[in-house]
Amino acid sequence: MASINDPEVAEDYLPFLRVYKDGRIERLIGTATVPPSLDPPQSDVLSKDVVYSPQENLSSRLYLPKHIASTSRKLPLLVYFHGGGFVIETAFSPTYHNYLNSFVKNVDVIVVSVDYRRAPEHPLPIAFDDCWSALKWVASHVDGSGPEEWLNSHADLGKVFMAGDSAGATIAHQMGIRYGQDKLSGFDLLGIVLVHPYFWGEEPVGDEVKDNKFREGMSRFWRLSCPTTGGCDDPFINPVADAKFASLGCSKVLVTVAQKDILRNRGWYYYENLKKSGWNGEVEIMEAEEEPHVFHLFKPSCDNSVAMFQKMSSFMNL
């Protein structure tokens, strides 16, 4: 691993990655992966990886409660988008695999955890386009004749939810906007859960950090993912600035924020503006006191994580 003073390093985006002068990308965290399991010895959840885009060789990891596999019972479907600032992590990381295993173990739901191409090699909106392709793949199972038997046999496509954390929440919102505009025939999107969403803006909101150096750093990191952006009021990262904001294609939204998260105020800003946008739906917000960004991924058994888990389950009527 190169040092921070390596002359071949073009740009540092610590603690996430380095960009070298020859174009090479070195990811410093979020690179580990774990395999799925169709025969988990100590788990009540089955998992497998399924290609949703042969053209781009992109897959999703599917999770199914083990006790459902031999039945004809259909369950609500959760489409999940992982976080990582658009630049690190995958659907196959131990962080997300363990979290979604736990979720499915405790809640009767099928999960499609979408992997997508990451910046900076694949700048936005490529990740959004990949995730939209994944949703179209899900919709292809509407009459029970899609390519994936788990979805054909066990997914109730009349009860579809989307969720994501951090950048994954940003994706979930964007997919909700696209669904509201284009209405995929194939499933009914009932609700979206935005966990500690990665939203930002040019001007501070509430008691958000006002330090110019910090905000310049946030802008620089955003441009790493979306080099063609016009800035941090781009609707991709500041959805309140989007003329299509009120066209979100679901009937309810849950926003969760953490008190010690630098993105906390943006979650509240989103919530407050969605309520008065003219959108014909219901929005809720939940705040975890004394917690940092995506704490639930690293402290899944703490009281605040359990409370958020229960709130998500209740929101999905599960």
Side-chain angles (χ1 to χ4, degrees), residues 13-16 81-87 124 162-177 191-226 229-246 248 250 252-279 281-299 302-305 307-308 311-312 315:
Y13 295 90
L14 300 177
F16 303 105
F81 306 106
H82 71 82
F86 298 110
V87 299
L124 293 176
M162 295 192 300
D165 64 277
S166 196
T170 314
I171 292 173
H173 168 80
Q174 287 297 324
M175 295 304 98
I177 293 294
I192 299 175
V193 181
L194 306 179
V195 179
H196 309 169
Y198 172 32
F199 298 146
W200 201 245
E202 292 290 343
E203 298 298 325
V205 296
D207 60 357
E208 193 172 82
V209 176
K210 297 177 176 60
D211 178 74
N212 286 337
K213 185 175 181 180
F214 178 85
R215 300 191 71 84
E216 287 168 4
M218 291 289 288
S219 177
R220 177 172 168 261
F221 187 71
W222 165 240
R223 289 181 183 277
L224 173 68
S225 302
C226 192
T229 187
C232 287
D233 282 335
D234 187 322
F236 283 164
I237 194 171
N238 186 358
V240 176
D242 191 349
K244 303 186 294 292
F245 185 45
L248 200 61
C250 59
K252 58 182 184 177
V253 171
L254 170 63
V255 183
T256 76
V257 297
Q259 186 181 31
K260 292 186 175 181
D261 185 359
I262 59 170
L263 302 176
R264 169 191 176 273
N265 289 278
R266 288 291 156 175
W268 276 101
Y269 185 65
Y270 177 98
Y271 162 76
E272 291 162 354
N273 281 274
L274 188 59
K275 278 198 304 183
K276 61 187 181 185
S277 68
W279 171 65
E282 296 182 2
V283 57
E284 303 176 62
I285 192 164
M286 177 184 192
E287 179 163 347
E289 295 184 358
E290 298 297 318
E291 298 288 4
H293 190 61
V294 297
F295 68 91
H296 63 293
L297 296 176
F298 307 104
K299 300 189 297 180
C302 77
D303 289 347
N304 281 325
S305 292
M308 188 171 74
K311 182 65 175 178
M312 288 177 63
F315 175 81

Q | 4.5 Å side-chain heavy-atom contact, Arg266 and Asn238 | A | yes
Q) Just how far is it from atom CG of Leu254 to atom CE of Met308, taken to the nearest 0.5 Å? A) 9.0 Å
Q: State, with a plain yes or no, whether a side-chain heavy atom of Trp200 is found less than 4.5 Å away from one of Glu208.
A: yes
Q: Evaluate the side chain to side chain contact (heavy atoms under 4.5 Å, CB included) criterion for residues Ile262 and His293: first the C-alpha distance (whole Å), next the side-chain angles of each, then the deciding distance (0.1 Å), finally the verdict.
A: CA-CA 8 Å; Ile262 59 170; His293 190 61; over 6 Å; no
**Q.** Heavy atoms from other residues, nucleotides or ligands near NZ of Lys252 exceed 12 (cutoff 6.0 Å)
**A.** yes
Q) Measuring from Glu216:CD to Asp211:CG, what's the distance to the nearest 0.5 Å? A) 8.5 Å
Q) Is there side-chain contact between Ile177 and Leu248, with heavy atoms separated by less than 4.5 Å? A) yes
Q | Any residue meeting ring-ring contact (aromatic ring centres under 6.0 Å, His included) with Phe295, in chain and number order, not counting sequence neighbours | A | His196
(Q) Can you confirm whether Met218 sits close enough to Val209 that some side-chain heavy atom of one is under 4.5 Å from a side-chain heavy atom of the other? (A) no
Q) Mind checking what makes side-chain contact (heavy atoms from CB on, under 4.5 Å) contact with Ala246, not counting sequence neighbours? A) Ser277, Trp279
Q. Any sub-3.5 Å donor-acceptor pair from Gln259's side-chain atoms to Glu291's backbone N or O?
A. no
**Q.** Lys213 atom NZ, over 12 foreign heavy atoms within 6.0 Å
**A.** no
Q: Quick one: closest heavy-atom pair of Ala167 and Gly85, and the distance?
A: CB-N, 3.6 Å
Q. Considering all heavy atoms of both residues, which atom of Ala258 and which atom of Pro292 are nearest to each other, and what is their separation?
A. CB-O, 3.4 Å
Q: Specify the closest pair of heavy atoms between Gly267 and Pro197, including all atoms of both residues, with the distance to one decimal.
A: CA-CG, 4.3 Å
Q: Report the C-alpha separation of Asp234 and Trp222 in whole Å, then their side-chain angles, then the decisive distance to 0.1 Å, and conclude whether the side chain to side chain contact (heavy atoms under 4.5 Å, CB included) test is met.
A: CA-CA 10 Å; Asp234 187 322; Trp222 165 240; 4.1 Å; yes
Q | Heavy-atom closest pair, residues Ala241 and Pro235 | A | O-CG, 4.4 Å
**Q.** Contacts of type side chain to side chain donor-acceptor pair (under 3.5 Å), residue Tyr270, not counting sequence neighbours
**A.** His173
Q. Taking only residues two or more places apart in sequence or in another chain, which ones pass side chain to side chain donor-acceptor pair (under 3.5 Å) with Arg264?
A. Glu287
Q | Contacts of Asn273 that satisfy side chain to side chain donor-acceptor pair (under 3.5 Å) - sequence neighbours left out | A | none
**Q.** Donor-acceptor contact present, side-chain Glu203 to main-chain Asp233, <3.5 Å
**A.** no
Q. Does the Lys299 side chain pair with the main chain of Asn304, one donor and one acceptor, at a distance under 3.5 Å?
A. no
Q: May I ask you to test the Leu263-Phe199 pair for a side-chain heavy-atom distance under 4.5 Å?
A: no
Q | Non-hydrogen atoms of Ala172 and Ala163 that approach each other most closely | A | CB-C, 4.2 Å
Q | Heavy-atom side-chain contact between Val195 and His296 under 4.5 Å | A | yes
Q.
Just verifying a value: how many Å separate Tyr13 OH and Leu224 CG, rounded to the nearest 0.5 Å?
A. 4.5 Å
**Q.** Non-neighbouring partners of Asp207 that pass side chain to side chain donor-acceptor pair (under 3.5 Å), sequence neighbours left out
**A.** Asn265
Q: To the nearest 0.5 angstrom, please state how far the CD1 atom of Ile237 sits from the OG atom of Ser225.
A: 8.0 Å
(Q) Nearest 0.5 Å, please: how far is CD in Glu272 from CD1 in Ile285? (A) 7.5 Å
Q) Minimum heavy-atom separation for Ile192 to Gly176, with atom names? A) CD1-CA, 3.7 Å
Q: Measure the acute angle between the ring planes of Phe221 and Tyr198, then classify it against the limits of 30° and 60° as parallel, tilted or perpendicular.
A: tilted
Q. At what distance, to the nearest 0.5 angstrom, does CD1 of Ile171 lie from CG of Asp165?
A. 9.5 Å
